[in-house]
Amino acid sequence: MHFDTGLSWVDVEDDFSRARRRHVLARLACWLRRRPGADRILSFDEVVAALGWRGERYLGLQTIQLDTVAGTVDSRRDFDRKFRPTSDRVRQRWERLDLAQRRGVSLPPINVYRVGDLHFVMDGHHRVSVAIAAGQKTIEAYVTEVLTRIPATGISRRGGLPLKAAGIGGAIPGREDTGDREPADRADAL
């Protein structure tokens, strides 16, 4: 949600600081719950390695839900799993995009891979982060669907990947897969 002081440069600085604070608080919550790394962004390579790549097909420009954007193709650590900035390193570009969006400039669509119901950002990490911080629900994206050997249903976080790779499924029966625990803990639960 954007707040307006009337001074654009102050507003975008506040927006970035608010997004950074939310990341720091989420990281602290993970540490207090003894779940370090639970806020790490999901890696496209990990998901495709676990499910087995079979092919891909271009679907074109689509409007996608921001809550389905789960990870990244890059190995960058600039954003957490909810696309909040993890450092001040991205501040300048983030604030420029936020300012442009506040002024009504139409930002270009992002590029994503779709695996099941999830989307992984190839290009547009900052745009996704700004859109989420602004409270948007959707974003325009060029979508390429990745076909996998094992169906991608039930994967929501990193914790479900070892189960899928083993052919067990995306969730432990009777319990939703939140991915909050590390893969080793999941194996012990079986």
Side-chain angles (χ1 to χ4, degrees), residues 1-3 11-51 64-99 101 107 109-141 146 152 154-162 164 170-171 176-186:
M1 171 184 261
H2 284 301
F3 295 102
D11 294 336
V12 298
E13 286 177 358
D14 287 345
D15 290 344
F16 183 82
S17 295
R18 189 176 309 106
R20 284 281 296 128
R21 267 193 314 275
R22 287 180 178 155
H23 163 72
V24 170
L25 291 173
R27 190 168 180 203
L28 177 62
C30 289
W31 182 78
L32 290 172
R33 291 182 186 128
R34 298 178 189 221
R35 296 179 182 154
D39 65 336
R40 275 192 11 220
I41 196 164
L42 191 59
S43 167
F44 173 77
D45 291 335
E46 287 179 38
V47 172
V48 172
L51 300 177
I64 63 170
Q65 297 291 318
L66 280 166
D67 61 1
T68 64
V69 179
T72 181
V73 174
D74 296 337
S75 60
R76 47 170 83 183
R77 301 280 181 226
D78 294 336
F79 301 97
D80 67 8
R81 70 184 173 103
K82 292 192 177 179
F83 280 84
R84 296 172 292 220
T86 59
S87 74
D88 281 342
R89 190 173 89 96
V90 299
R91 177 184 284 271
Q92 187 176 12
R93 177 144 190 214
W94 198 99
E95 288 179 354
R96 272 197 332 262
L97 287 168
D98 189 29
L99 182 60
Q101 186 171 0
L107 299 177
I110 63 172
N111 291 310
V112 296
Y113 279 123
R114 177 182 292 161
V115 180
D117 295 331
L118 302 179
H119 295 93
F120 295 84
V121 179
M122 291 184 277
D123 177 48
H125 298 83
H126 294 79
R127 285 170 274 170
V128 169
S129 181
V130 168
I132 290 171
Q136 292 180 350
K137 302 293 181 201
T138 62
I139 194 167
E140 295 291 311
V146 174
I155 297 292
S156 60
R157 296 286 172 242
R158 187 172 283 102
L161 294 177
K164 270 294 190 183
E176 181 182 357
D177 177 21
T178 61
D180 290 337
R181 296 184 345 191
E182 292 299 314
D185 295 334
R186 292 246 184 244

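The first residue of the sequence shown is numbered 1, and numbering continues consecutively from there.
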Backbone N/O of L42 and side chain of R81: donor-acceptor pair under 3.5 Å: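 Checking the backbone N and O of L42 against the side chain of R81, no donor-acceptor pair under 3.5 Å is found.
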Residues forming a side-chain contact (heavy atoms from CB on, under 4.5 Å) with D117, sequence neighbours excluded: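 Scan of D117 (side-chain contact (heavy atoms from CB on, under 4.5 Å), adjacent residues dropped) gives none.
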Testing R127, H126, H125 for side chain to side chain donor-acceptor pair (under 3.5 Å) with D123, which one passes?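 Looking at R127, H126, H125, the match for D123 under the side chain to side chain donor-acceptor pair (under 3.5 Å) is R127.
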Give the minimum heavy-atom separation between Q101 and V130, together with the two atoms involved.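 So the minimum-distance heavy-atom pair works out to OE1-CG1, 2.8 Å.
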Heavy-atom pair with the smallest gap, counting every atom of S129 and F83: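 Shortest heavy-atom contact: OG-O, 2.7 Å.
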Side chain to side chain contact (heavy atoms under 4.5 Å, CB included) assessment of F120 paired with V146: CA-CA 10 Å; F120 295 84; V146 174; over 6 Å; no
Got a sec, which residues hit side-chain hydrogen bond (donor to acceptor under 3.5 Å, both in side chains) with R89, two or more places apart in sequence or on another chain?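 Listed in chain order: D78.
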Set of side-chain hydrogen bond (donor to acceptor under 3.5 Å, both in side chains) partners for H119, sequence neighbours left out: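 Listed in chain order: T68, R114.
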For M122, which of V112, N111, I110 qualifies under side chain to side chain contact (heavy atoms under 4.5 Å, CB included)?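 Exactly one option meets the side chain to side chain contact (heavy atoms under 4.5 Å, CB included) with M122, and it is N111.
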Applying side chain to side chain contact (heavy atoms under 4.5 Å, CB included), run through K82 and I132 and close with a yes or a no. CA-CA 8 Å; K82 292 192 177 179; I132 290 171; 5.9 Å; no
Passes side chain to side chain contact (heavy atoms under 4.5 Å, CB included), F79 versus V121? Steps please. CA-CA 11 Å; F79 301 97; V121 179; over 6 Å; no
